[in-house]
Visitor: 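I have a structure here, written as structure tokens, and I will follow up with some questions on it.
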Amino acid sequence: MRVLPQLFENWFASKGWSIHPHQQDMLERADAPALLLIAPTGGGKTLSGFLPTLIDLADGTHEGMHTLYISPLKALAADIKRNLTTPVAEMDLPISIDERTGDTPQTRRKRQRADPPNIFLTTPESLALLVSYDDAPRMFKGLKRVVIDEIHALAESKRGDQMMLALARLQTLCPNLKRVGLSATVEDPAAIAHLMARHPDPCEILLADPGPAPDIQMLATDDAPPWSGSGAAYAIPSVLEQIKQHNTTLIFHNTRAQAEIFFHNLWLANDDSLPIGIHHGSLDRAQRMRVEAAMVRGDLRAIVCTGSLDLGIDWGDVDLVIQIGAPKNVKRLVQRIGRANHRYNAPSKALLVPANRFEVVECVAALDAVLAGELDGDPRGAGPRDVLCQHILITACAGPFDADALYAEVTSAGAYSALCRPDFDACLEFCATGGYALRSYDRWQRLIQLSDGRWQLRDPRASRNIRMNIGTIQDTDTLKVRMRRNRGGKPLGEIEEGFAATLTPGDTFLIGGKIVKYEGLREMTVEVSRDSAKKPKIATFAGTKFATSTQLSARVQRMFTQETWPELPAHTADWLNLQRDVSQLPHPGRLLIESFPHDGREQTVIYGFAGRNGMQTLGLLLTKRMEELGLNPLGFVATDYATLISGLDAVKDPSPLFDPDALHNGLETWLAGNAVMKRTFRASATIAGLIERNSPQARKSGRQATFSSDILYDTLQKYDPDHLMMQITREEALRGLVDFGRIEEMMTRIGGRIDHRQLSRVTPLAAPLFLEMGRVPVKGDAEERLLAEEAARLLESSGLAQITPAPSNKPRWRMGY
Amino acid sequence: MNAYEFTLAGVQLSALNTGALWWPDQSLLCVSDLHLGKSERIARRGGSGLPPYETRDTLTRLAADLALTHARTVICLGDSFDDLGAAMALPEEEKLWIARLQAGRRWVWIEGNHDPGPIDMGGSHLAELPLAPLTFRHIAQPDASGEISGHYHPKARLSLRGQSVSRPAFLYDSDRLIMPAYGTYTGGLDTRAEVFQPLMRVEARAVLTGKSALAVPMPR
């Protein structure tokens, strides 16, 4: 057994602590090439990752960087620095610690590169940037360990893929580098181990004691949840009561818009003036930091938040987590709850608050899954090639490279271990020449081959643009929101450009819990004023929407087959019974479709239970079929269990829409030209370096200089449909936003058995769909029709139509001149 | 043809849904801001390699408009090339294509801010072209009348029952017409941008391009 050095033993004792079993285990295995620790929060996970480092550095003989710490959040890096400084100072260890994130000032960055600290804390993006410098070998010289925190969060995204590619690079520079991963509870630790270790090295997995089972229940309320909606306003009195009974309560929401509305309502009902804050990713940074600081100080009794508070900052005295709205994913729920109550070995406490009656069903299903210990998740598949393209460009920034060596390095990353050479070469070709079928401008190619066969940037100045474009996080175009003042008022946060485009002066919306009135747009900033209105028009903030997992969807469907629902509150059971009376409940193995008029449109609801992304794809495929059949679809909205399509004409017979062959064949042609594909293309093309992120300056200086990435997509589709970027877009879309796999699973499940109900009005089960955000418009004939109507209306109301001679507004079709 | 007809300085004009302007009495077709060779220019300057198909796409559409109208005169209203270097670097095949389109008709290249000098291609090169009662120039001048210009790539955005639709658009009033950009790799400037406000009269209209040419009061 490896004994703790006396200095450390004493320090533990002075704190009244003893070393946790898994901390000891980690110490024993400090020489393993790769080691993954799965531990609940509060178990001294971070210290167990750093203990071998601190011991190793205690004698002061190591020169330069020793341990690299990578975390998904900047805030986490700052936190860890504080937490590490305590033992280092108290034991008087000769260890330098510094962090580098996007916020680190230039002078400190320079100093870090010249004189690297022993322990270096950073994020995947900053690491990728550091690897792109030609002095990387000097900066990382002597590096022995890398500690990856919250690796379960990184493993789910391209940020993790990018980080592992950068680590492959570091491993070449420092062959004896040991890797340590720290993870929350996950359903498949072996998958993370595979991603983390240098392929084909083994990776040992240590499972810490998971602690007691969480105390998790559905919140009991006096009022029943509404039939529809996502605000959960009915639960406000009960939630306030819970806040009073606990020290600090975190109130999680699935979307930012929901958080805003809930906060607004909570504030209106907060008669005791309890200190309550709001925190989400669209708020101004300064405001978020104020809330975080207040939370750490314990000044707040409750924080209304979204996933932006999931990671990173110290949850301190949080003793209750409330989840508003269905949790969508059991694993994420368990991880979130696990963070409440930092005392090791005390159960964490959580309450689920369904926002409407459908969510009552989903919450009950989720509770069952938590009690059964069934976590959900889907395997992620091979490493995405857009990230590889960016990595090739990053490598080129650092200096000339050899393609064979780079291929060997890349395939040592678990996610890319199965990457074949032709696929790698296609990425290299794309980075070098663009890889187009038409070879027009080869003299300007980005990478050129030297006489020794190595590749390098043609124009070294290009490295500046490549570095500015590093990262895989896709930010939607957002506009800053400010109070209108003479010299620029207080910044409030950001809203999506698409949402801003639908605003007209006088419209009201919520931001940071305030109702504001849209005044106008000035230099790409939305100017607003305070408004005393009671009911705002709601902001459609971007917010990641997760699909309900396959496992949870199946549980919900099974519940629908029950004769009665003793486990559900009476109001929800009544609601399901009412649905049974006026229409029917979806039946596993069959597909329920309802058609009815509502809101002056013809509505069709398909209960496919294929998850949000799958149902979205189904919406795209079906509206395309409807367009062909002349049913004039206008748009659709998809939830995890259903797709609602609105159109000008009613669906009388759905069976031609669901012909499996037509759907399947439709996929390929359909993939060609729809909004989801264009969104996917934009994301992948940005990562791969084909298009550059819009810098705020570029956007300010007039938009006619830039053009939409949709144009590039259309052009490639027309002239070079097999281009690498189009292949990547298809791969990405099929596994992410398109999720065709779950539609195929649905088609197999229903096997052509369709129950079509034509009704005179909206049904209980369909009602919630009308409040869903994120309607996808169909760019078809119906849009042209509406456009013509709107043009006529505008001319009429402006009085221009009365001017004689009335200018013709009818499009004219004439034979040639 | 699918077009919106209107008069400017007493001249009957048609704004085609494709973004080209047709003057039937003169058998004249005008297109603005083609930005040919944009991908070459970006690559040359160390940017990313965009798909090099924008020139053939723009020329294909121009050829279709010429086949439809049999125009005897063509005016390219400036920024026809993304810069002079891009004009020089155009692949031989595309230069020949332009020469074929020019055959048998008068062709005028108006200078733009992107292509301010002479280029190595057929047709006449002018700073501006007066063709009474109209004047063709690249950038609108504040006090002009009967003026046809381009440069700003105007785009009109409408809200249709909650969804927003944005299309390249012609802007016109009793003094002037500002043309939409015709080139494939071009973006647009919203009609609400400050630069349009002093230029266009209150009663100005926007003619949207796309499936059909539609006129609306210019969105401000």
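Chain A is the first sequence line, chain B the second, and so forth, proteins listed ahead of strands; every chain is numbered from 1.
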Visitor: If you draw a 6.0 Å radius around CD in B:E93, do more than 12 non-hydrogen atoms from other residues or ligands fall strictly inside?
Guide: no
Visitor: Test A:F707 against every option in B:K38, B:H153, B:H35 by the side chain to side chain contact (heavy atoms under 4.5 Å, CB included) rule and name the one that passes.
Guide: B:K38
Visitor: Side chain, backbone, both or neither: which part of B:R192 has a non-hydrogen atom closer than 4.5 Å to chain A?
Guide: neither
Visitor: For B:P51, is there any backbone N or O sitting under 3.5 Å from a side-chain donor or acceptor partner on A:Y719?
Guide: no
Visitor: So with a 6.0 Å cut-off around CZ of B:R220, is the heavy-atom count from everything else above 12?
Guide: yes
Visitor: Only pairs of heavy atoms separated by less than 4.5 Å count here; which of B:A193, B:G210, B:S39 has the most with chain A?
Guide: B:S39
Visitor: In terms of heavy-atom proximity below 4.5 Å to chain B, should A:R458 be classed as side chain, backbone, both, or neither?
Guide: side chain
Visitor: Would you name the heavy atoms of A:A437 and B:Y53 that are closest together and state the gap between them?
Guide: N-OH, 3.4 Å
Visitor: So what's closer than 4.5 Å to chain A heavy atoms on B:L208: side chain, backbone, both or neither?
Guide: side chain
Visitor: Which atom pair, heavy atoms only, marks the closest approach of B:T184 to A:T715?
Guide: CG2-OG1, 4.0 Å
Visitor: Taking all non-hydrogen atoms of both residues into account, name the closest pair between B:A89 and A:Y441 and its distance.
Guide: O-CE2, 4.1 Å
Visitor: Write down the atom of B:S48, the atom of A:G689, and the distance for their closest heavy-atom approach.
Guide: CB-O, 3.2 Å
Visitor: Relative to chain B, which segment of A:L716 carries a heavy atom at a distance below 4.5 Å: side chain, backbone, both, or neither?
Guide: side chain
Visitor: List the atom of B:L50, the atom of A:L690, and the distance in Å for their closest heavy-atom pair.
Guide: CD2-O, 3.7 Å
Visitor: Is B:P52 close to chain A through its backbone or its side chain, or both, or neither, when contacts mean heavy atoms under 4.5 Å?
Guide: both
Visitor: Please classify the contact of A:R461 with chain B as side chain, backbone, both or neither, using a heavy-atom distance under 4.5 Å.
Guide: neither
Visitor: Select, from A:N469, A:D720, A:N465, the one with the greatest count of heavy-atom pairs under 4.5 Å involving chain B.
Guide: A:D720
Visitor: Find the distance between CZ (B:R45) and CG (A:D459) and round it off to the nearest 0.5 Å.
Guide: 12.0 Å
